[in-house]
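One structure below.
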There are 2 protein chains.
Amino acid sequence: MLTKQELEKYWAEASKIYLNHISIDCVVFGFHEGQMKVLMLKSNNEEAWYLPGGFVLNEEPIETAANRILKERTGIDEIFLRQFHVFGDPDRSKFHNDIYRDMLPKEQNFFNQRFISIGYYALVDFVNVTPTPDAFSEMCTWRDLDDLPQFQLDHELIFRTALDTLRLQLNYQPIGYNLMPKEFTMPELQKLYETILDKKLDRRNFQRRILAFGILNKLEQTRKGGAHKAPYLYEFNLENYRAALKEGLQGGW
Amino acid sequence: MLTKQELEKYWAEASKIYLNHISIDCVVFGFHEGQMKVLMLKSNNEEAWYLPGGFVLNEEPIETAANRILKERTGIDEIFLRQFHVFGDPDRSKFHNDIYRDMLPKEQNFFNQRFISIGYYALVDFVNVTPTPDAFSEMCTWRDLDDLPQFQLDHELIFRTALDTLRLQLNYQPIGYNLMPKEFTMPELQKLYETILDKKLDRRNFQRRILAFGILNKLEQTRKGGAHKAPYLYEFNLENYRAALKEGLQGGW
DNA sequence: TTAACATGGTGTAATTGATACACAATTGTA
DNA sequence: TACAATTGTGTATCAATTACACCATGTTAA
């Protein structure tokens, strides 16, 4: 918990170096042991959780800002990031239950202004992430998608919109390079799709379809150690993957 | 051309009622006589054209702001509007050739700050629009997509991104309700698709596919007066159209 | 008046893609 | 060593897409 003095310093600093009225919120998706996860922070004032976020430096491109913010929370440098929506309701950024709000006069309180928030979603490889709290959180951890806490502000809407966008994206973009380890099995990749879509897929048809995209390389080795038949390992064919990202998967018209 | 005095008043007003650092730019698409068009304004200082845009009032939702801005430029109240991207490079809003820039000291110049611009694209029925210039333009008119003028700032990028998004959208969303008149023929609708995609489509396959979506009602009458066989008229089935907008057209996974 | 022409309405065969299955192979364990 | 669970591969069926052909209708110009 920050003292009043620390707060004063923080806010004085913030309003000098950051653009007013603009914030960034990130929905960071990870995948581990068959579970889709989202990175969240627990407020150190209340029982509410929020998404990693921050502000834009005076002379900083917004993409850079999003990357910087995520680097601070995850330790990862090059992250797959995508803008998905801007949240701009006038009352979205009212902190109703925040102790900090009343600790300083309104004029000095950088946080008490109206923020238009640019939403990014990120796909990251779970094992590379070192969740790191920020100044207002006592905890930063992965939360399972089917066991989400109470959200602060409009962060539930932001999360929901990100997930919907990701699901839509799945229909015309390859996904997974940033969520899977370097080598993975077909069932593992299928599990990712099933988790994102919250829907079972046919094993054989999934394989045929995803192979037809031409974005995978089949490797010689198999994944030993499981209690059953050893599945083949695959890796992404980065060249084709990137091409598919640009041109889309299945053409409409 | 505004005088220095008018400018001072304008800017003094602007910084009081609008949020700093945030702007909105709109790419308004129309369709007339087989041509795709975009609404643009000609700067009254230079030979450059720009897209309809504006700012967000202190307590105004951003969607409302976009609608208000477009109402001022087109006269239309209920417009099909969609957020498509945020443009946030630090140097995107530097007015390099603008006479206004030097007319007032930097501090008072609302326009001389950095703007993060939220891009919206709009689809409107050409005939309902009354193009109306703003304070900085001598002209507001439709421009053909294949005869575009020189753009101000990064408005060419904004336009390009909007068009790319629209083309992608065409693959999983119905479109046309906002671009076509109430009643139209199949060839007219096809022309719209061909224009947006910049690609010829097979007449018969187009018809089968678009009818399969179930978003059209076939009418009894035909369009008389053309130099050839009278084509049937269609209208959109609003109920199915809305449903298709929500759920997408062709399912992926 | 009528043939030429441009355009619109409708249909069909061939190919491709999606779906719903079945069966054999492999691995660790009881 | 048989069993259960899982993976690899194949195929029959149905739906969608593509590439065409043919007839109908209204205008125009001989």
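Chain identifiers are assigned alphabetically (A, B, ...) following the order of the sequence lines, protein sequences preceding nucleic acid strands; residue numbering begins at 1 within each chain.
Side chains of B:Tyr50 and B:Leu153 form no contact here, defined as non-hydrogen atoms less than 4.5 Å apart.
B:Asn178 contributes no side-chain N or O that, together with a main-chain N or O of B:Phe80, makes up a donor-acceptor pair within less than 3.5 Å. In this structure a side-chain-to-backbone donor-acceptor pair under 3.5 Å is missing from B:Gln190 to B:Phe206. No donor-acceptor pair under 3.5 Å is formed between the side chain of B:Arg92 and the backbone N or O of B:Ile116.
Straight-line distance from the CG atom of A:Asn205 to the P atom of C:dA20: 8 Å, rounded to whole Å. One interatomic measurement links the two molecules: CG of A:Leu189 to P of D:dT7, which rounds to 13 Å at whole-angstrom precision. The separation between A:Lys200 atom NZ and D:dT6 atom P is 11 Å, rounded to whole Å. As a whole-Å value, the separation of A:Arg223 CZ from D:dT7 P is 11 Å. Here the C1' atom of nucleotide C:dG17 and the CZ atom of B:Arg209 are 13 Å apart, to the nearest Å. To the nearest angstrom, P of C:dG11 lies 10 Å from CD of B:Gln207. Rounded to whole Å, atom C1' of C:dA25 lies 10 Å from atom OH of A:Tyr232. Rounded to a whole Å, the CZ atom of A:Phe206 is 19 Å from the C1' atom of D:dG10.
Comparing D:dG8, D:dT18, C:dG9 by their closest approach to the side chain of B:Pro231 singles out C:dG9.
Contact check, B:Lys229 against C:dT10: no side-chain N or O comes under 4.0 Å of OP1 or OP2. Using a 4.0 Å cut-off, no side-chain N or O of B:Lys191 falls inside it from OP1 or OP2 of C:dT7.
Closest-nucleotide positions on DNA chain D for A:His228 and A:Asp202 were compared, and the one nearer the 5' end corresponds to A:His228. Sequence order on DNA chain C of the closest nucleotides to A:Arg204 and A:Ala230 puts A:Arg204 first from the 5' end. Between A:Arg203 and B:Thr185, the residue anchored nearer the 5' end of DNA chain C, judged by the nucleotide with its closest heavy atom, is B:Thr185.
Salt bridge status for B:Lys182 with B:Glu235: absent, with no side-chain N to carboxylate O gap under 4.0 Å.
No hydrogens or angles were tested; on distance alone, a donor-acceptor pair under 3.5 Å links the side chain of A:Arg208 to the base of D:dT11.
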